[in-house]
Amino acid sequence: QVQLVESGGGLVQAGGSLRLSCVASGRTFSSDVMGWFRQAPGKEREFVGANRRSSGSTYLTDSVKGRFTISRDNAKNTVFLQMNSLEPEDTAVYYCAAGSGSFRESATYVYWGQGTQVTVSS
């Protein structure tokens, strides 16, 4: 099992920045891929992006490219989501997820955190 704990959410004005963190513990060797999803009220969960530990490669969905970046500290089993130029449309609960496989395959993400709320005011 892998446990994931997110932090860093909060309330920010449009144009502001937040940095989310997700710390993995337990059988972290099975979490080659660590990624971020978000879900806004009344909407489906959306894949934001992910990082692969073994290659260092990163993927970000088009809607956040140029504004968000993903990085990872392998020694601390932590993945970060740096969010800049935030927009009210970015308001959602952000979830960390981990597993092994392709970035955009839902089956990749076996382990999930509890989520952290991000609210962007206009």
Side-chain angles (χ1 to χ4, degrees):
Q1 292 289 333
V2 175
Q3 294 78 42
L4 302 173
V5 178
E6 305 102 331
S7 62
L11 173 65
V12 65
Q13 289 188 332
S17 298
L18 282 174
R19 188 193 196 203
L20 305 184
S21 301
C22 174
V23 180
S25 60
R27 297 167 63 90
T28 57
F29 61 85
S30 60
S31 57
D32 186 39
V33 175
M34 291 185 71
W36 293 93
F37 290 75
R38 65 185 181 184
Q39 188 165 21
K43 294 188 177 181
E44 293 186 354
R45 186 176 64 195
E46 176 188 20
F47 174 61
V48 176
N51 172 276
R52 188 183 305 281
R53 179 182 57 213
S54 55
S55 65
S57 58
T58 297
Y59 176 89
L60 285 166
T61 196
D62 286 346
S63 63
V64 305
K65 280 181 180 177
R67 300 188 300 122
F68 292 10
T69 58
I70 290 180
S71 60
R72 189 164 177 171
D73 185 336
N74 293 325
K76 296 183 178 180
N77 294 313
T78 302
V79 67
F80 304 96
L81 181 65
Q82 177 67 45
M83 305 185 293
N84 300 326
S85 301
L86 282 161
E87 304 167 353
E89 293 72 23
D90 296 316
T91 295
V93 177
Y94 283 69
Y95 297 91
C96 177
S100 296
S102 301
F103 280 148
R104 295 201 292 174
E105 288 289 335
S106 59
T108 293
Y109 302 96
V110 178
Y111 307 104
W112 291 83
Q114 294 297 309
T116 184
Q117 176 70 47
V118 171
T119 302
V120 184
S121 64
S122 57

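Atoms considered below: every heavy atom in the structure, side chains included; atoms not considered: hydrogens, waters and symmetry mates.
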Without swapping roles, check the side chain of T108 against the backbone of G99 for a donor-acceptor pair under 3.5 Å. no

Roughly how far, to the nearest 0.5 Å, is OG1 of T28 from CD of Q1? 13.0 Å

Closest non-hydrogen atom pair between S21 and T78, with its separation: CB-CG2, 4.4 Å

Going hydrophobic residue to hydrophobic residue with side-chain gaps under 4.5 angstrom, can you get from W112 over to V93? yes

Assess whether atom CD of E105 is packed by more than 12 heavy atoms of other residues, nucleotides or ligands within 6.0 Å. no

Are side-chain heavy atoms of F80 and T69 found at a separation under 4.5 Å? no

Could you tell me whether the side chain of R52 and the main chain of G101 form a donor-acceptor pair under 3.5 Å? yes

Over 12 non-hydrogen atoms of neighbours within 6.0 angstrom of CD in Q114: no

Closest heavy-atom contact between M34 and A98? CG-CB, 4.0 Å

Residues V2 and R27: closest non-hydrogen pair is CG2-O, 3.1 Å

Assess whether side chain to side chain contact (heavy atoms under 4.5 Å, CB included) is satisfied between S63 and E46, documenting all intermediate values. CA-CA 10 Å; S63 63; E46 176 188 20; 3.4 Å; yes

Please report the shortest heavy-atom distance between A14 and P88, naming the atom on each side. CB-CD, 4.1 Å

Applying the 4.5 Å side-chain criterion to the ILVMFWY set and letting contacts propagate, would Y111 and I70 be lumped into a single cluster? yes

L20 and its side chain to side chain contact (heavy atoms under 4.5 Å, CB included) partner, picked from Q82, E6, M83: M83

What about Y109 and L81, same hydrophobic cluster or not, with Ile/Leu/Val/Met/Phe/Trp/Tyr joined at side-chain heavy-atom distances under 4.5 Å? no

Distance, nearest 0.5 Å, that separates CD of E87 from OG of S122: 12.0 Å

From OG1 (T119) to CG (D90), nearest 0.5 Å: 11.0 Å

Check: E89 and V120 side chains under 4.5 Å, non-hydrogen atoms: no

Distance-minimising heavy-atom pair for L60 and V64: CD2-CG2, 4.0 Å

Could you work out, with ring-ring contact (aromatic ring centres under 6.0 Å, His included) as the rule, every residue matching Y59, not counting sequence neighbours? F47

Common cluster, V23/V110, ILVMFWY with side-chain heavy-atom separation under 4.5 Å: no

Could you give the distance from CD (Q3) to OG (S31), rounded to the nearest 0.5 Å? 10.5 Å

Please lay out, stage by stage, how T61 and F68 fare under the test side chain to side chain contact (heavy atoms under 4.5 Å, CB included). CA-CA 9 Å; T61 196; F68 292 10; over 6 Å; no

For a side chain to side chain contact (heavy atoms under 4.5 Å, CB included) check, start with the C-alpha distance between R38 and V118, then their side-chain angles and the critical distance, and finish with the verdict. CA-CA 9 Å; R38 65 185 181 184; V118 171; over 6 Å; no

According to a 4.5 Å side-chain heavy-atom criterion applied to Ile, Leu, Val, Met, Phe, Trp and Tyr, with indirect links allowed, do L18 and Y95 form part of one hydrophobic cluster? no

Do you know which two heavy atoms are closest between Q39 and R45, and how far apart they sit? NE2-N, 3.7 Å

